[in-house]
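Any value given below was found using the heavy atoms of this structure, including those in side chains, with hydrogens, waters and symmetry copies removed. By convention in this document, chain letters (A, B, ...) are assigned in the order of the sequence lines, proteins followed by strands, and residues within each chain are numbered from 1.
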There are 2 protein chains.
Amino acid sequence: MSEENIKLLKKAGLKITEPRLTILSLMQQNQNKEEVTHFSAEDIYKMLLEKGEEIGLATVYRVLNQFDEANILIRHNFEGNKSVFELAPEEHHDHIICVDCGKVFEFNDEVIEKRQKEISAERGIKLKTHSLYLYGKCNNIDTCDENNK
Amino acid sequence: MSEENIKLLKKAGLKITEPRLTILSLMQQNQNKEEVTHFSAEDIYKMLLEKGEEIGLATVYRVLNQFDEANILIRHNFEGNKSVFELAPEEHHDHIICVDCGKVFEFNDEVIEKRQKEISAERGIKLKTHSLYLYGKCNNIDTCDENNK
DNA sequence: CTGACTGCAAACTGTTTGCAGTAAG
DNA sequence: CTTACTGCAAACAGTTTGCAGTCAG
């Protein structure tokens with residue numbers, strides 16, 4: 001699997017370095033595992049520390065920015081001040097964020113996607129990207145149940 | 001009109017002070033005038049300075065936060081790091097932001113609103129709010145024409 | 001009067017940058 | 001070799017907070 005990551009970095013014109021490979025595989029690990037898949041720079045930095053990796057916070061930021069530009073991952077600005085990142089998915093999706101427990105759900109809706117294009121076109125705007133975040137309270141039993149009564 | 005603003009503040013449990021009235025009317029002035037209606041704290045602070053008002057930046061932030069909590073205005077996190085504020089509109093609307101000139105367009109679409117509710121309901125999530133931002137290139141002749149060729 | 005409010009400066013958080021050393025190609 | 005990359009510390013931007021004085025109710 002590391003082979004593919006090396007290809008990814010090369011395609012982005014980036015040298016193959018340990019921090020980049022480490023961060024990349026770290027984000028891939030939690031994929032497809034019902035795990036959290038959205039991380040802040042700080043999150044990633046801490047995970048690296050726990051693994052005993054010697055990677056500076058500045059490097060984490062630099063790598064994340066490079067990955068963002070190379071479309072290897074996507075930057076989100078949920079409510080709050082900091083950016084969170086997720087691996088660029090095969091297919092676009094939008095997000096539902098639980099305001100109580102912070103859990104992130106994903107969805108993709110054809111109807112909404114279509115309307116967005118129509119609305120932009122009507123106004124003569126060339127749609128580049130969009131961000132749609134729904135904020136609500138989920139029914140996570142552990143953390144959110146009280147709030148749903 | 002100041003009468004109504006006083007009512008607004010009272011309803012929010014806030015004392016009637018000059019900074020609050022000034023900031024409130026400042027944001028109202030540019031409304032319904034094809035003018036920019038989305039301001040950062042810094043924007044507002046500068047406009048106040050230009051008017052010769054003696055209001056500290058910290059106060060601007062405090063007032064904006066109080067107004068946000070009182071639903072007098074709405075905070076947005078467009079791309080980038082800072083918050084921008086607009087007066088809470090009568091009817092909800094979403095935004096299109098031009099990535100070249102920064103102009104903000106507003107729209108409201110029943111189809112999208114409806115789908116959002118359905119999607120949340122399907123997942124057992126109580127939808128509180130949402131943010132939908134479309135980013136694209138507008139056809140503003142002054143600043144954006146080159147980019148649309 | 002009294003607590004809410006204000007301005008100022010200092011503190012904080014998230015992020016970027018300058019620099020000198022290190023390593024990939 | 002040469003240039004991109006890294007870690008560190010310092011710098012930054014946006015925002016919040018502690019404090020002493022002021023003002024609305």
Side-chain angles (χ1 to χ4, degrees), chain A residues 2-3 5-24 26 38-49 51-70 72-85 102, chain B residues 2-3 5-24 26 38-49 51-70 72-85 102:
Chain A
S2 196
E3 270 307 310
N5 286 347
I6 289 174
K7 263 190 213 166
L8 253 183
L9 293 181
K10 280 194 176 153
K11 196 162 62 178
L14 298 169
K15 289 192 173 178
I16 315 304
T17 68
E18 200 232 305
R20 288 179 183 146
L21 286 175
T22 309
I23 291 173
L24 197 45
L26 191 119
H38 295 70
F39 308 96
S40 68
E42 196 73 33
D43 290 339
I44 291 173
Y45 180 60
K46 280 182 189 153
M47 291 167 79
L48 291 171
L49 282 187
K51 284 198 163 196
E53 300 284 343
E54 296 275 317
I55 298 178
L57 182 54
T59 300
V60 173
Y61 275 103
R62 276 187 288 234
V63 169
L64 289 176
N65 281 332
Q66 290 157 344
F67 284 5
D68 180 26
E69 264 167 53
I72 293 173
L73 45 75
I74 292 180
R75 164 190 256 116
H76 294 289
N77 301 295
F78 295 157
E79 282 183 338
N81 25 327
K82 62 188 170 194
S83 299
V84 297
F85 300 85
Chain B
S2 196
E3 270 307 310
N5 286 346
I6 289 174
K7 263 190 215 166
L8 253 182
L9 293 181
K10 280 193 178 154
K11 196 162 60 176
L14 299 169
K15 289 193 171 176
I16 315 304
T17 68
E18 200 230 306
R20 288 179 183 145
L21 286 174
T22 310
I23 291 173
L24 197 45
L26 191 119
H38 295 70
F39 309 96
S40 68
E42 195 73 35
D43 290 339
I44 291 173
Y45 179 61
K46 281 182 188 154
M47 292 167 78
L48 291 172
L49 282 187
K51 286 199 162 195
E53 300 285 344
E54 297 273 319
I55 298 178
L57 182 54
T59 301
V60 173
Y61 275 104
R62 276 187 285 233
V63 170
L64 290 176
N65 281 331
Q66 290 158 344
F67 284 6
D68 180 27
E69 263 167 54
I72 293 173
L73 44 76
I74 293 180
R75 176 199 302 266
H76 293 289
N77 300 295
F78 294 157
E79 284 183 337
N81 24 325
K82 63 186 169 196
S83 298
V84 298
F85 299 85

Report the distance from atom NZ of B:Lys15 to atom C1' of C:dT2, rounded to the nearest whole Å. 8 Å

Atom OH of A:Tyr45 to atom P of D:dT6: distance rounded to whole Å? 15 Å

Does either side chain, that of B:Arg75 or that of B:Asn65, offer a donor lying less than 3.5 Å from an acceptor on the other one? yes

Rounded to whole Å, please give me the gap between CD in A:Gln66 and P in C:dT15. 16 Å

Taking the nucleotide of DNA chain D with the nearest heavy atom to each, does B:Thr59 or B:Leu14 sit closer to the 5' end? B:Thr59

Under 4.0 Å from OP1 or OP2 of D:dT15: is there any side-chain N or O of B:Tyr61 that close? yes

Side chain of A:Arg75, heavy atoms from C-beta onward: which of D:dG25, D:dG7, C:dT16 has the nearest atom to it? C:dT16

Distance in angstrom units between A:Asn81 CG and C:dT13 P, rounded: 10 Å

Under 4.0 Å between a side-chain N/O of B:Ser83 and OP1 or OP2 of D:dT15, yes or no? yes

When you measure from the side-chain N and O atoms of A:Arg20 to the phosphate of D:dT6, is any distance below 4.0 Å, counting only OP1 and OP2? yes

Which nucleotide wins on minimum distance to the side chain of B:Leu57, given the candidates C:dC5, D:dT15, C:dG25? D:dT15

May I have the distance from B:Glu69 (atom CD) to D:dT15 (atom C1'), rounded to whole angstrom? 15 Å

Distance alone, cut at 3.5 Å: any donor-acceptor contact between the side chains of A:Ser40 and A:Asp43? yes

Grab the CG-P distance between A:Leu9 and C:dG25 for me, whole Å please. 10 Å

With nearest nucleotide decided by heavy atoms, which residue, B:Glu42 or A:Val60, maps closer to the 5′ end of DNA chain D? A:Val60

Taking only N and O in the side chain of B:Asn65, is any of them less than 4.0 Å away from OP1 or OP2 of D:dT16? yes

Just compare D:dT16, D:dT15, C:dT15 and give me whichever is closest to any side-chain atom of A:Ala41. C:dT15

Test item: A:Leu9 and A:Phe67 side chains (from C-beta on) under 4.5 Å apart, heavy atoms: yes

Polar pair under 3.5 Å, donor/acceptor by atom type, side chain A:Arg62, base C:dG18: yes

May I have the distance from B:Glu79 (atom CD) to C:dG14 (atom P), rounded to whole angstrom? 20 Å

Quick check on D:dA4: is either OP1 or OP2 less than 4.0 Å from any side-chain nitrogen or oxygen of A:Thr17? no

Mind listing the closest non-hydrogen atom pair of B:Tyr45 and B:Gly56 along with its distance? CE1-C, 3.9 Å

Take atom NZ of B:Lys10 and atom P of D:dA24, then tell me their distance rounded to the nearest Å. 13 Å

Indicate whether OP1 or OP2 belonging to D:dG14 is found under 4.0 Å from a side-chain N or O atom of B:Lys82. yes

For A:Asn77 and A:Ser83, which heavy atoms make the closest approach, and how far apart are they? OD1-OG, 3.5 Å

